[in-house]
Amino acid sequence: MGQTLAEKLLSLHAGHPVVAGEYTLARVDWVLMQDGTGPLAVRQFNALGRGSLALAERTIVFLDHAAPSPGRALSNDHVFLREFCRKHGAVLSDVGDGVCHQIMAERYVSPGDLLVGADSHTCTGGAFCAFATGMGSTDIAVAMTLGKTWFRVPESIRVNLQGSLPRSVTAKDAILFLIGQLGADGATYQALEFGGEAIERLGMEERLTISNMVVEAGAKCGLFPSDEVTRRYLEDRGRGNTFQPIAPDKDADYVREILLDLSSLNPQIACPHTVDNVSQITQGNVLGTPIQQVVIGTCTNGRLSDFMQAAKILKGRKRHPGTRLLIVPSSRRVLKDMVANGILETFIDAGATVVTPGCGPCVGVHAGVLGDGERCLSTQNRNFRGRMGNPKGEIYLASPLTAAATAVEGRIADPRAYL
Ligand code: SF4
(Lines give C-alpha, C1' and ligand atoms only; values in the text may rest on other atoms or scores of the structure.)
Protein backbone atom coordinates (compact mmCIF):
# COMPACT_ATOMS: atom_id res chain seq x y z
CA MET A 1 0.00 0.00 0.00
CA GLY A 2 1.30 3.46 -0.90
CA GLN A 3 1.68 6.36 1.49
CA THR A 4 -0.24 9.55 2.07
CA LEU A 5 1.75 12.75 2.52
CA ALA A 6 1.35 12.51 6.31
CA GLU A 7 2.67 8.94 6.31
CA LYS A 8 5.54 9.91 4.02
CA LEU A 9 6.62 12.89 6.09
CA LEU A 10 6.44 11.07 9.42
CA SER A 11 8.28 8.05 7.94
CA LEU A 12 11.11 10.40 6.92
CA HIS A 13 11.44 11.57 10.52
CA ALA A 14 10.82 8.24 12.24
CA GLY A 15 13.59 6.61 10.19
CA HIS A 16 11.32 3.76 9.07
CA PRO A 17 7.97 3.42 7.27
CA VAL A 18 4.93 4.24 9.40
CA VAL A 19 1.21 3.86 8.69
CA ALA A 20 -1.88 5.69 9.90
CA GLY A 21 -2.89 4.73 13.41
CA GLU A 22 0.64 3.81 14.49
CA TYR A 23 2.46 5.61 17.32
CA THR A 24 5.97 6.73 16.53
CA LEU A 25 8.85 8.84 17.75
CA ALA A 26 9.93 11.35 15.15
CA ARG A 27 12.89 13.69 14.76
CA VAL A 28 11.93 17.35 14.77
CA ASP A 29 13.42 20.02 12.46
CA TRP A 30 11.94 23.18 13.94
CA VAL A 31 10.38 24.20 17.25
CA LEU A 32 8.49 27.46 17.59
CA MET A 33 6.82 29.29 20.42
CA GLN A 34 5.30 32.71 20.79
CA ASP A 35 4.93 35.25 23.57
CA GLY A 36 1.58 33.84 24.72
CA THR A 37 2.64 30.21 25.06
CA GLY A 38 6.41 30.62 25.28
CA PRO A 39 6.77 31.45 28.98
CA LEU A 40 5.02 28.21 30.01
CA ALA A 41 7.00 26.14 27.49
CA VAL A 42 10.26 27.61 28.79
CA ARG A 43 9.28 26.94 32.42
CA GLN A 44 8.44 23.33 31.46
CA PHE A 45 11.78 23.08 29.65
CA ASN A 46 13.56 24.36 32.75
CA ALA A 47 11.66 21.85 34.92
CA LEU A 48 12.86 18.96 32.74
CA GLY A 49 16.35 19.92 33.93
CA ARG A 50 18.38 19.00 30.85
CA GLY A 51 19.73 22.54 30.72
CA SER A 52 20.39 22.83 26.98
CA LEU A 53 18.35 22.89 23.81
CA ALA A 54 18.62 19.96 21.43
CA LEU A 55 18.14 22.30 18.44
CA ALA A 56 19.18 25.74 19.64
CA GLU A 57 19.49 27.33 16.20
CA ARG A 58 16.19 25.70 15.17
CA THR A 59 14.21 26.78 18.23
CA ILE A 60 12.56 30.08 17.39
CA VAL A 61 10.86 32.42 19.83
CA PHE A 62 8.42 34.95 18.36
CA LEU A 63 7.30 38.10 20.12
CA ASP A 64 4.24 38.67 17.95
CA HIS A 65 0.99 38.29 19.88
CA ALA A 66 1.39 41.35 22.10
CA ALA A 67 3.78 43.37 20.02
CA PRO A 68 4.56 46.03 21.07
CA SER A 69 3.54 45.03 24.59
CA PRO A 70 0.46 46.83 25.93
CA GLY A 71 1.18 46.14 29.63
CA ARG A 72 3.73 45.40 32.30
CA ALA A 73 3.06 41.66 32.71
CA LEU A 74 3.41 41.06 28.97
CA SER A 75 6.52 43.22 28.85
CA ASN A 76 8.03 41.05 31.58
CA ASP A 77 7.16 37.93 29.55
CA HIS A 78 9.07 39.47 26.66
CA VAL A 79 12.04 40.17 28.94
CA PHE A 80 11.91 36.53 30.14
CA LEU A 81 11.84 35.14 26.57
CA ARG A 82 14.63 37.43 25.33
CA GLU A 83 16.79 36.29 28.24
CA PHE A 84 15.97 32.63 27.44
CA CYS A 85 17.13 33.14 23.84
CA ARG A 86 20.31 34.89 24.95
CA LYS A 87 21.15 32.16 27.47
CA HIS A 88 20.35 29.13 25.30
CA GLY A 89 21.11 30.38 21.81
CA ALA A 90 17.54 30.13 20.52
CA VAL A 91 16.56 32.41 17.64
CA LEU A 92 14.62 35.52 18.66
CA SER A 93 12.07 37.10 16.32
CA ASP A 94 11.41 40.35 18.14
CA VAL A 95 8.58 42.89 18.19
CA GLY A 96 7.80 44.16 14.69
CA ASP A 97 9.31 41.26 12.75
CA GLY A 98 5.89 39.69 12.17
CA VAL A 99 3.66 36.71 12.93
CA CYS A 100 5.39 33.42 13.67
CA HIS A 101 3.68 31.50 10.85
CA GLN A 102 4.56 34.08 8.22
CA ILE A 103 8.19 34.33 9.33
CA MET A 104 8.45 30.54 9.29
CA ALA A 105 7.17 30.61 5.69
CA GLU A 106 9.52 33.38 4.59
CA ARG A 107 12.70 32.15 6.26
CA TYR A 108 12.63 28.63 7.59
CA VAL A 109 10.16 25.88 6.72
CA SER A 110 10.85 23.73 3.64
CA PRO A 111 9.41 20.62 1.98
CA GLY A 112 9.94 17.48 4.04
CA ASP A 113 10.44 19.33 7.34
CA LEU A 114 8.80 18.45 10.63
CA LEU A 115 7.77 21.55 12.53
CA VAL A 116 6.10 21.64 15.95
CA GLY A 117 4.89 24.82 17.55
CA ALA A 118 3.25 26.04 20.72
CA ASP A 119 0.57 27.65 18.58
CA SER A 120 -2.41 25.96 17.00
CA HIS A 121 -1.92 27.54 13.59
CA THR A 122 1.53 26.02 13.16
CA CYS A 123 -0.32 23.89 10.58
CA THR A 124 0.29 26.81 8.16
CA GLY A 125 3.61 25.18 7.25
CA GLY A 126 1.75 22.30 5.60
CA ALA A 127 1.53 24.52 2.51
CA PHE A 128 5.22 23.63 1.92
CA CYS A 129 4.61 19.90 2.32
CA ALA A 130 6.07 20.02 5.81
CA PHE A 131 4.46 18.08 8.64
CA ALA A 132 3.62 21.14 10.73
CA THR A 133 1.39 21.01 13.77
CA GLY A 134 0.57 22.76 17.03
CA MET A 135 1.21 21.16 20.40
CA GLY A 136 0.79 21.98 24.09
CA SER A 137 3.61 23.63 26.00
CA THR A 138 4.70 20.39 27.74
CA ASP A 139 5.10 18.55 24.43
CA ILE A 140 7.00 21.53 23.07
CA ALA A 141 9.31 21.47 26.09
CA VAL A 142 10.06 17.80 25.37
CA ALA A 143 10.80 18.58 21.70
CA MET A 144 13.07 21.44 22.81
CA THR A 145 14.92 19.08 25.14
CA LEU A 146 15.17 15.94 23.01
CA GLY A 147 14.85 17.17 19.42
CA LYS A 148 12.14 14.58 18.87
CA THR A 149 8.64 13.85 20.01
CA TRP A 150 5.88 11.27 19.60
CA PHE A 151 3.00 11.20 17.15
CA ARG A 152 0.04 9.07 16.37
CA VAL A 153 0.28 8.94 12.58
CA PRO A 154 -2.95 10.58 11.40
CA GLU A 155 -5.40 9.12 8.94
CA SER A 156 -5.86 11.40 5.92
CA ILE A 157 -8.81 12.99 4.19
CA ARG A 158 -8.02 13.72 0.56
CA VAL A 159 -9.47 17.02 -0.76
CA ASN A 160 -9.41 17.06 -4.55
CA LEU A 161 -9.55 20.61 -5.84
CA GLN A 162 -10.76 21.21 -9.37
CA GLY A 163 -11.66 24.25 -11.47
CA SER A 164 -10.51 27.82 -10.93
CA LEU A 165 -11.52 30.38 -8.34
CA PRO A 166 -13.90 32.98 -9.82
CA ARG A 167 -12.55 36.53 -9.92
CA SER A 168 -14.20 37.68 -6.69
CA VAL A 169 -13.63 34.45 -4.75
CA THR A 170 -10.43 33.68 -2.86
CA ALA A 171 -8.62 30.84 -1.12
CA LYS A 172 -10.16 32.13 2.13
CA ASP A 173 -13.63 31.52 0.71
CA ALA A 174 -12.56 28.01 -0.30
CA ILE A 175 -11.29 27.04 3.14
CA LEU A 176 -14.28 28.65 4.88
CA PHE A 177 -16.59 26.64 2.61
CA LEU A 178 -14.69 23.42 3.37
CA ILE A 179 -14.79 24.04 7.14
CA GLY A 180 -18.51 24.74 6.89
CA GLN A 181 -18.97 21.39 5.14
CA LEU A 182 -16.74 19.41 7.52
CA GLY A 183 -17.78 21.09 10.77
CA ALA A 184 -15.48 22.16 13.61
CA ASP A 185 -14.65 18.55 14.49
CA GLY A 186 -15.03 17.00 11.03
CA ALA A 187 -11.32 16.20 10.64
CA THR A 188 -10.27 15.75 14.27
CA TYR A 189 -6.70 14.43 14.47
CA GLN A 190 -6.71 13.70 10.76
CA ALA A 191 -4.54 15.16 8.02
CA LEU A 192 -6.29 17.17 5.33
CA GLU A 193 -4.33 16.45 2.17
CA PHE A 194 -4.97 18.77 -0.78
CA GLY A 195 -4.51 17.67 -4.36
CA GLY A 196 -6.21 17.66 -7.73
CA GLU A 197 -5.73 19.49 -10.99
CA ALA A 198 -6.48 22.92 -9.46
CA ILE A 199 -3.58 23.14 -7.06
CA GLU A 200 -1.06 24.12 -9.73
CA ARG A 201 -3.11 27.32 -10.10
CA LEU A 202 -2.97 28.10 -6.37
CA GLY A 203 -0.04 30.30 -5.37
CA MET A 204 1.91 29.72 -2.17
CA GLU A 205 0.12 32.56 -0.40
CA GLU A 206 -3.24 30.96 -1.21
CA ARG A 207 -1.98 27.59 -0.02
CA LEU A 208 -0.75 29.20 3.21
CA THR A 209 -4.22 30.61 3.86
CA ILE A 210 -5.78 27.18 3.33
CA SER A 211 -3.27 25.25 5.47
CA ASN A 212 -3.52 27.92 8.18
CA MET A 213 -7.20 27.19 8.79
CA VAL A 214 -7.34 23.38 8.68
CA VAL A 215 -7.15 23.24 12.47
CA GLU A 216 -10.56 24.92 12.53
CA ALA A 217 -11.96 21.59 11.32
CA GLY A 218 -9.89 19.83 13.99
CA ALA A 219 -7.18 18.64 11.59
CA LYS A 220 -3.70 17.78 12.79
CA CYS A 221 -2.17 19.25 9.65
CA GLY A 222 -3.09 20.50 6.17
CA LEU A 223 -0.70 19.27 3.51
CA PHE A 224 -0.03 20.30 -0.06
CA PRO A 225 2.45 18.40 -2.25
CA SER A 226 5.61 20.38 -3.03
CA ASP A 227 5.83 21.38 -6.68
CA GLU A 228 7.00 24.13 -9.02
CA VAL A 229 4.92 26.71 -7.15
CA THR A 230 6.74 25.77 -3.93
CA ARG A 231 10.10 25.84 -5.65
CA ARG A 232 9.57 29.32 -7.09
CA TYR A 233 8.47 30.72 -3.70
CA LEU A 234 11.60 29.31 -2.05
CA GLU A 235 13.85 30.58 -4.86
CA ASP A 236 12.38 34.08 -4.54
CA ARG A 237 13.47 34.02 -0.90
CA GLY A 238 16.95 32.68 -1.53
CA ARG A 239 16.07 29.20 -0.28
CA GLY A 240 15.75 27.30 -3.55
CA ASN A 241 18.36 24.80 -2.35
CA THR A 242 15.91 23.51 0.29
CA PHE A 243 13.36 22.42 -2.31
CA GLN A 244 12.52 18.77 -2.84
CA PRO A 245 9.44 17.48 -4.68
CA ILE A 246 7.16 15.36 -2.50
CA ALA A 247 3.85 13.85 -3.59
CA PRO A 248 1.59 11.15 -2.16
CA ASP A 249 1.66 7.69 -3.70
CA LYS A 250 -1.09 6.96 -6.22
CA ASP A 251 -2.34 3.99 -4.20
CA ALA A 252 -2.32 5.78 -0.82
CA ASP A 253 -5.20 4.97 1.50
CA TYR A 254 -7.61 7.74 2.58
CA VAL A 255 -10.44 7.57 5.10
CA ARG A 256 -12.47 9.90 2.92
CA GLU A 257 -12.22 11.76 -0.38
CA ILE A 258 -13.88 15.12 -1.01
CA LEU A 259 -14.26 16.86 -4.37
CA LEU A 260 -14.26 20.66 -4.18
CA ASP A 261 -15.00 22.53 -7.41
CA LEU A 262 -13.46 25.97 -6.88
CA SER A 263 -15.28 27.45 -9.87
CA SER A 264 -18.64 26.83 -8.17
CA LEU A 265 -17.82 28.91 -5.07
CA ASN A 266 -19.26 32.26 -4.03
CA PRO A 267 -17.94 34.64 -1.35
CA GLN A 268 -18.35 32.95 2.05
CA ILE A 269 -18.66 34.26 5.58
CA ALA A 270 -18.36 32.65 9.02
CA CYS A 271 -20.84 34.22 11.42
CA PRO A 272 -20.47 34.52 15.20
CA HIS A 273 -19.41 32.60 17.24
CA THR A 274 -17.96 29.52 15.51
CA VAL A 275 -15.73 29.15 12.47
CA ASP A 276 -17.95 26.46 10.97
CA ASN A 277 -21.03 28.73 11.06
CA VAL A 278 -20.44 29.40 7.37
CA SER A 279 -22.80 30.53 4.65
CA GLN A 280 -22.66 32.23 1.30
CA ILE A 281 -22.56 35.95 1.85
CA THR A 282 -25.90 36.36 0.09
CA GLN A 283 -27.72 33.82 2.27
CA GLY A 284 -29.82 34.72 5.29
CA ASN A 285 -29.71 38.26 6.62
CA VAL A 286 -25.93 38.67 6.61
CA LEU A 287 -25.58 41.31 3.90
CA GLY A 288 -26.11 44.79 5.32
CA THR A 289 -25.20 43.93 8.92
CA PRO A 290 -23.57 47.08 10.40
CA ILE A 291 -19.86 46.63 11.17
CA GLN A 292 -17.84 48.92 13.44
CA GLN A 293 -14.36 47.46 12.75
CA VAL A 294 -12.77 45.76 9.75
CA VAL A 295 -9.43 43.96 10.12
CA ILE A 296 -7.37 42.94 7.10
CA GLY A 297 -4.27 40.94 7.90
CA THR A 298 -3.01 38.36 10.45
CA CYS A 299 -1.35 35.01 9.76
CA THR A 300 -4.37 33.97 7.68
CA ASN A 301 -4.63 36.84 5.20
CA GLY A 302 -1.87 39.31 5.95
CA ARG A 303 0.31 38.66 2.92
CA LEU A 304 1.02 40.90 -0.05
CA SER A 305 -1.48 39.21 -2.37
CA ASP A 306 -4.22 39.65 0.26
CA PHE A 307 -3.53 43.36 0.56
CA MET A 308 -3.35 43.75 -3.21
CA GLN A 309 -6.83 42.25 -3.47
CA ALA A 310 -8.19 44.59 -0.80
CA ALA A 311 -6.46 47.58 -2.42
CA LYS A 312 -8.26 46.88 -5.71
CA ILE A 313 -11.50 47.82 -3.94
CA LEU A 314 -10.17 50.52 -1.61
CA LYS A 315 -8.18 52.48 -4.21
CA GLY A 316 -9.77 55.90 -4.55
CA ARG A 317 -12.39 55.11 -1.90
CA LYS A 318 -12.72 55.93 1.80
CA ARG A 319 -13.70 53.72 4.66
CA HIS A 320 -17.21 54.36 5.98
CA PRO A 321 -17.03 57.01 8.74
CA GLY A 322 -18.65 54.63 11.22
CA THR A 323 -16.19 51.79 10.54
CA ARG A 324 -12.58 51.59 11.67
CA LEU A 325 -10.25 49.87 9.22
CA LEU A 326 -7.16 48.14 10.63
CA ILE A 327 -4.38 46.89 8.36
CA VAL A 328 -2.15 44.25 9.96
CA PRO A 329 0.81 43.15 7.78
CA SER A 330 1.97 39.67 8.68
CA SER A 331 5.65 40.60 8.53
CA ARG A 332 8.11 43.43 8.10
CA ARG A 333 8.86 42.16 4.61
CA VAL A 334 5.17 42.34 3.70
CA LEU A 335 5.01 45.90 5.07
CA LYS A 336 8.06 46.90 3.00
CA ASP A 337 6.51 45.34 -0.11
CA MET A 338 3.32 47.30 0.56
CA VAL A 339 5.34 50.50 0.73
CA ALA A 340 7.28 49.63 -2.42
CA ASN A 341 4.25 48.94 -4.60
CA GLY A 342 2.19 51.85 -3.28
CA ILE A 343 -0.70 50.00 -1.66
CA LEU A 344 0.17 51.21 1.82
CA GLU A 345 -0.61 54.70 0.56
CA THR A 346 -3.92 53.40 -0.82
CA PHE A 347 -4.89 52.19 2.65
CA ILE A 348 -3.74 55.36 4.39
CA ASP A 349 -5.69 57.47 1.90
CA ALA A 350 -8.73 55.27 2.55
CA GLY A 351 -8.56 56.18 6.24
CA ALA A 352 -7.00 52.97 7.53
CA THR A 353 -4.92 52.53 10.68
CA VAL A 354 -1.77 50.50 10.04
CA VAL A 355 -0.79 48.23 12.93
CA THR A 356 2.69 46.83 13.73
CA PRO A 357 3.44 43.61 11.78
CA GLY A 358 2.30 40.76 14.01
CA CYS A 359 -1.00 39.40 15.30
CA GLY A 360 -2.63 42.79 15.73
CA PRO A 361 -6.06 42.56 17.38
CA CYS A 362 -6.64 38.91 16.38
CA VAL A 363 -6.24 37.48 19.86
CA GLY A 364 -7.68 40.43 21.75
CA VAL A 365 -4.82 41.71 23.84
CA HIS A 366 -4.29 45.04 22.08
CA ALA A 367 -4.55 47.10 18.91
CA GLY A 368 -8.30 46.89 18.35
CA VAL A 369 -10.21 45.34 21.27
CA LEU A 370 -13.94 45.51 20.54
CA GLY A 371 -16.38 47.55 22.60
CA ASP A 372 -19.58 46.05 24.06
CA GLY A 373 -22.03 45.22 21.29
CA GLU A 374 -19.58 46.02 18.51
CA ARG A 375 -19.22 43.86 15.43
CA CYS A 376 -15.98 43.20 13.59
CA LEU A 377 -15.42 41.65 10.18
CA SER A 378 -11.91 40.21 10.04
CA THR A 379 -9.78 38.16 7.68
CA GLN A 380 -8.38 36.22 10.67
CA ASN A 381 -9.11 32.56 11.37
CA ARG A 382 -11.18 32.50 14.59
CA ASN A 383 -14.38 34.16 15.74
CA PHE A 384 -15.00 32.55 19.12
CA ARG A 385 -16.87 34.64 21.68
CA GLY A 386 -14.37 36.96 23.36
CA ARG A 387 -11.62 36.27 20.83
CA MET A 388 -11.00 39.95 20.20
CA GLY A 389 -10.94 40.83 23.87
CA ASN A 390 -14.63 41.32 24.61
CA PRO A 391 -17.25 38.56 25.04
CA LYS A 392 -19.90 41.17 24.22
CA GLY A 393 -18.44 41.68 20.74
CA GLU A 394 -19.18 39.69 17.58
CA ILE A 395 -16.72 38.57 14.90
CA TYR A 396 -17.41 37.66 11.27
CA LEU A 397 -14.72 36.00 9.17
CA ALA A 398 -14.31 36.59 5.45
CA SER A 399 -11.86 37.26 2.63
CA PRO A 400 -9.81 40.43 2.10
CA LEU A 401 -12.15 41.34 -0.78
CA THR A 402 -15.26 41.08 1.39
CA ALA A 403 -13.45 42.97 4.17
CA ALA A 404 -12.55 45.83 1.83
CA ALA A 405 -16.08 46.13 0.44
CA THR A 406 -17.44 46.08 3.99
CA ALA A 407 -15.04 48.82 5.10
CA VAL A 408 -16.33 51.04 2.29
CA GLU A 409 -20.02 50.47 3.04
CA GLY A 410 -19.86 50.15 6.84
CA ARG A 411 -22.05 47.08 6.49
CA ILE A 412 -21.30 43.55 5.36
CA ALA A 413 -21.02 43.93 1.60
CA ASP A 414 -20.66 41.68 -1.43
CA PRO A 415 -17.30 42.34 -3.11
CA ARG A 416 -18.70 41.36 -6.49
CA ALA A 417 -20.30 44.79 -6.73
CA TYR A 418 -16.79 46.29 -6.91
CA LEU A 419 -14.98 43.93 -9.27
FE1 SF4 B 1 -2.79 33.30 16.35
FE2 SF4 B 1 -4.10 35.37 15.24
FE3 SF4 B 1 -1.49 35.54 15.77
FE4 SF4 B 1 -2.36 34.00 13.81
S5 SF4 B 1 -2.52 36.23 13.89
S6 SF4 B 1 -0.79 33.46 15.31
S7 SF4 B 1 -4.29 33.22 14.69
S8 SF4 B 1 -3.17 35.32 17.27
Side-chain angles (χ1 to χ4, degrees), residues 30 32-38 41 60-70 74 77-78 81 93-106 108-109 115-127 132-137 140 172 175-176 179 184 205 208-217 219 222 270 274-275 293-303 306-307 326-332 334-335 355-370 376-384 386-390 393 395-398 400 403:
W30 302 101
L32 78 84
M33 70 192 84
Q34 33 89 342
D35 45 349
T37 57
I60 308 176
V61 178
F62 293 91
L63 307 187
D64 55 358
H65 280 55
S69 165
L74 289 163
D77 284 344
H78 286 186
L81 290 171
S93 181
D94 214 324
V95 171
D97 286 346
V99 189
C100 48
H101 310 305
Q102 176 64 11
I103 302 290
M104 289 305 299
E106 290 177 4
Y108 301 115
V109 68
L115 159 64
V116 295
D119 189 283
S120 49
H121 296 99
T122 303
C123 51
T124 310
T133 194
M135 289 185 157
S137 293
I140 290 299
K172 178 62 164 286
I175 188 64
L176 283 176
I179 292 166
E205 299 201 343
L208 286 162
T209 296
I210 290 172
S211 290
N212 175 271
M213 287 197 69
V214 298
V215 70
E216 308 309 333
T274 58
V275 186
Q293 178 166 289
V294 167
V295 175
I296 306 177
T298 79
C299 66
T300 314
N301 283 119
R303 288 172 271 275
D306 300 311
F307 291 118
L326 305 183
I327 299 293
V328 191
S330 61
S331 74
R332 194 186 305 280
V334 171
L335 178 58
V355 176
T356 305
C359 298
C362 176
V363 78
V365 293
H366 70 342
V369 173
L370 297 180
C376 176
L377 186 143
S378 176
T379 64
Q380 66 195 58
N381 49 34
R382 282 193 172 152
N383 62 348
F384 306 144
R387 171 77 180 179
M388 295 182 82
N390 187 339
I395 306 166
Y396 293 79
L397 307 177

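Hydrogens, waters and symmetry mates are skipped; everything else that's a heavy atom, side chains included, is used. Order of listing sets the numbers, starting from 1, for every ligand and every atom in it.
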- Task: Give the residue, atom name and distance (to 0.1 Å) of the protein heavy atom nearest atom 3 (Fe) of ligand 1.
- Result: C359 SG, 2.3 Å
- Item | Flag side-chain contact, heavy atom, 4.5 Å: V295 against M388 | yes
- Item | Residue H101 vicinity, atoms of ligand 1 by number, heavy atom under 4.0 Å | 6 (S)
- CG on L32 to CE on M104, rounded to 0.5 Å: 5.5 Å
- Side-chain contact test, heavy atoms from C-beta onward, threshold under 4.5 Å: evaluate it for F307 versus I296 and give yes or no. yes
- Query: Within less than 2.8 Å of atom 2 (Fe) of ligand 1, any N, O or S from H121?
  - Reply: no
- Item | F384 and I395, any side-chain heavy atoms less than 4.5 Å apart | no
- Message: I need the atoms of ligand 1 closer than 4.0 Å to a non-hydrogen atom of V363, numbered in the order shown.
- Response: 8 (S)
- Can you tell me the protein heavy atom closest to atom 2 (Fe) of ligand 1 and the distance? C362 SG, 2.3 Å
- With heavy atoms of H65 as the reference, note each atom of ligand 1 found under 4.0 Å away. 1 (Fe), 3 (Fe), 6 (S), 8 (S)
- Query: With atoms numbered from 1 as shown, which atoms in ligand 1 lie under 4.0 angstrom from a non-hydrogen atom of N381?
  - Reply: 7 (S)
- Message: Do P357 and V334 make a side-chain contact, defined as non-hydrogen atoms from C-beta onward lying under 4.5 Å apart?
- Response: no
- Query: Would you say the side chain of P361 lies within less than 4.5 Å of the side chain of V328, judging by non-hydrogen atoms?
  - Reply: yes
- Task: Please determine which of N212, N381, T300, I210 meets the side chain to side chain contact (heavy atoms under 4.5 Å, CB included) test together with I175.
- Result: I210
- Is there a heavy atom of R387 sitting under 4.0 angstrom from any atom of ligand 1? yes
- Describe, in one word, how the ring planes of H101 and H121 are oriented to each other, choosing from parallel (under 30°), tilted (30 to 60°) and perpendicular (over 60°). perpendicular
- Counting from 1, what ligand 1 atoms have a heavy atom of V99 closer than 4.0 Å? 6 (S)
- Message: Suppose I only count heavy atoms of T298 and a 4.0 Å limit; which atoms of ligand 1 are within that range?
- Response: 5 (S)
- Heavy atom of the protein closest to atom 4 (Fe) of ligand 1 (residue, atom name, distance): C299 SG, 2.3 Å
